[in-house]
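First the structure, in the form of C-alpha cells, and then the observations on it.
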Amino acid sequence: MAVTPVPERLRWAVETLRVAPDDRLLEIGCGHGVAVDLVCRRLDRGHILAVDRSETAITRAERRNAAHVAAGRATLRAATPDRLDLPAETRFDKVFAVNVNLFWTRSPQPELDLIKAWLKPGGALYLFYEPPDASRTAELAARVGAALADRGLETTTLTETSSRPLLCVIGR
C-alpha cells in the first residue's frame, strides 16, 4: 500500500497547535483522520476527540488511527458540533478545524457558543484554511475573525505562504 504524503496544510496546522503531551483536543471535521495521527504522535497522557459528519470518513479515520484508539489517545465519532453529546464537565485545551466552511459561510453562533463552553480557561479555538488563492486570504481572515469576535473571542491571525497560502484564525 502506497503511503500518501501528508498535506502541507495539515502539517502546518499541527505544528501551529503546539500540541503538549497532556493536551485534550477536539478536532471538528476530521475527514480521514490524518491530523488525528499527527496529533497523537505528540500525545502522552493527552487525548483527542475527532468528529466528522460523515460516517464513511469516520470509518476511514478509525482504520488509519486504530493503534491510537486502542492506546486511548483518540476517540472518533460521527457528529457535528451541534449534535455532539458531551458530558457537562468536558473541557478541551484546544479545539481546531481545517477547511471547515461552517465558520465562514454562515453565522456559526450556535457552534461557537458550544465551543466556548467546551474550552478550558486559557484554551483556544484554531480555525485553519487553505484559501483557493492568496487574494482570498484577507477576506477569509476578516470573515472568520469577525464571527469569533462577535462571540467575545479575542482573535489572532497567522498566515503562511509556501507552495499555497495558509491561514489560521485563533480565538481565545
Q | Heavy-atom check, side chain of Val100 versus side chain of Leu127, under 4.5 Å | A | no

Q: Can you measure from OG1 (Thr16) to CG (Leu158) and round to the nearest 0.5 angstrom?
A: 6.5 Å

Q. Do you know the tightest heavy-atom contact between Gly29 and Asp52?
A. C-OD2, 3.4 Å

**Q.** Backbone N/O of Pro21 and side chain of Arg45: donor-acceptor pair under 3.5 Å
**A.** no

Q) Which heavy atom of Val14 sits nearest a heavy atom of Ala35, and at what distance? A) CG2-O, 4.2 Å

Q. Under 3.5 Å, is there a donor-acceptor pair between the side chain of Asn65 and the main chain of Ala61?
A. yes

Q) Does any non-hydrogen side-chain atom of Leu76 lie less than 4.5 Å from one of Ile48? A) no

Q.
Could you walk me through whether Leu84 and Leu49 satisfy the side-chain contact (heavy atoms from CB on, under 4.5 Å) test, starting with their C-alpha distance in whole Å, then the side-chain angles of each, then the deciding distance to 0.1 Å, before giving a yes or no?
A. CA-CA 11 Å; Leu84 186 58; Leu49 169 60; 4.2 Å; yes

Q: Kindly work out whether a path of hydrophobic side-chain contacts (I/L/V/M/F/W/Y, heavy atoms less than 4.5 Å apart) joins Phe103 to Leu119.
A: yes

Q: Please examine the side chains of Thr75 and His47, heavy atoms only from C-beta on, and report whether any two atoms are closer than 4.5 Å.
A: yes

**Q.** ILVMFWY cluster, Val95 and Tyr129 together (side-chain gap under 4.5 Å)
**A.** yes

Q) Can you name the nearest heavy-atom pair linking Val6 to Leu38, along with the distance? A) CG1-CD1, 3.7 Å

**Q.** Contact check, side chains of Val98 and Ile28, non-hydrogen atoms, under 4.5 Å
**A.** no

Q | Nearest heavy atoms of Arg77 and Ile58, plus distance in Å | A | O-CD1, 3.2 Å

Q: Using modelled atom types only, decide if a donor and an acceptor are shared between the side chain of Arg73 and the backbone of Ala70 within a distance under 3.5 Å.
A: no

Q) Do the side chains of Asn99 and Phe128 get nearer than 4.5 Å, heavy atoms only? A) no

Q | Test side-chain contact (heavy atoms from CB on, under 4.5 Å) applied to Asp37 and His68, step by step | A | CA-CA 8 Å; Asp37 178 48; His68 299 307; 2.7 Å; yes

(Q) Return the OG1 to CH2 distance between Thr90 and Trp118, rounded to the nearest 0.5 Å. (A) 9.0 Å

Q. More than 12 heavy atoms of other residues, nucleotides or ligands under 6.0 Å from CG of Asp85: is that the case?
A. no

**Q.** Atom pair CG (Leu102) and CZ (Arg53), whose distance is rounded to the nearest 0.5 Å
**A.** 8.5 Å

Q.
Using the side chain to side chain contact (heavy atoms under 4.5 Å, CB included) criterion, which residues pair with Arg172? Sequence neighbours excluded.
A. Ala124, Tyr126, Ile170

Q. What distance separates Asp23 CG from Lys120 NZ, expressed to the nearest 0.5 Å?
A. 7.5 Å

Q) Under 4.5 Å between any side-chain heavy atoms of Cys168 and Trp12, yes or no? A) yes

**Q.** Side chain proximity check, Asp44 to Asp22, heavy atoms < 4.5 angstrom
**A.** no

Q.
If you define the side chain from C-beta out and look only at heavy atoms, does anything of Arg42 sit under 4.5 Å from Glu15?
A. yes

Q. Once you round to the nearest 0.5 Å, how far does CD of Glu130 lie from CZ of Arg9?
A. 5.0 Å

**Q.** In one Ile/Leu/Val/Met/Phe/Trp/Tyr side-chain cluster, 4.5 Å: Leu26, Leu153
**A.** yes

Q: Using a cut-off of 6.0 Å, state whether more than 12 heavy atoms not belonging to Arg83 lie near its atom CZ.
A: no

Q: Check the hydrophobic clustering (I, L, V, M, F, W, Y; side-chain heavy atoms under 4.5 Å; chains of links allowed) and say if Phe96 and Leu148 are grouped together.
A: no

Q: Please identify each residue that fulfils salt bridge (charged side-chain N to carboxylate O under 4.0 Å, His left out) with Asp113, with sequence neighbours left out.
A: Arg151

Q | Nearest heavy atoms of Cys30 and Val36, plus distance in Å | A | CB-CG2, 4.3 Å

Q) Is there a path from Val144 to Leu112 through hydrophobic residues (I, L, V, M, F, W, Y) whose side chains come within less than 4.5 Å of each other? A) yes

Q: For residues Glu111 and Pro81, report the shortest heavy-atom separation together with the two atoms involved.
A: CG-CB, 4.0 Å

Q | Inter-residue atom distance Arg24.CZ - Lys94.NZ, 0.5 Å rounding | A | 13.0 Å

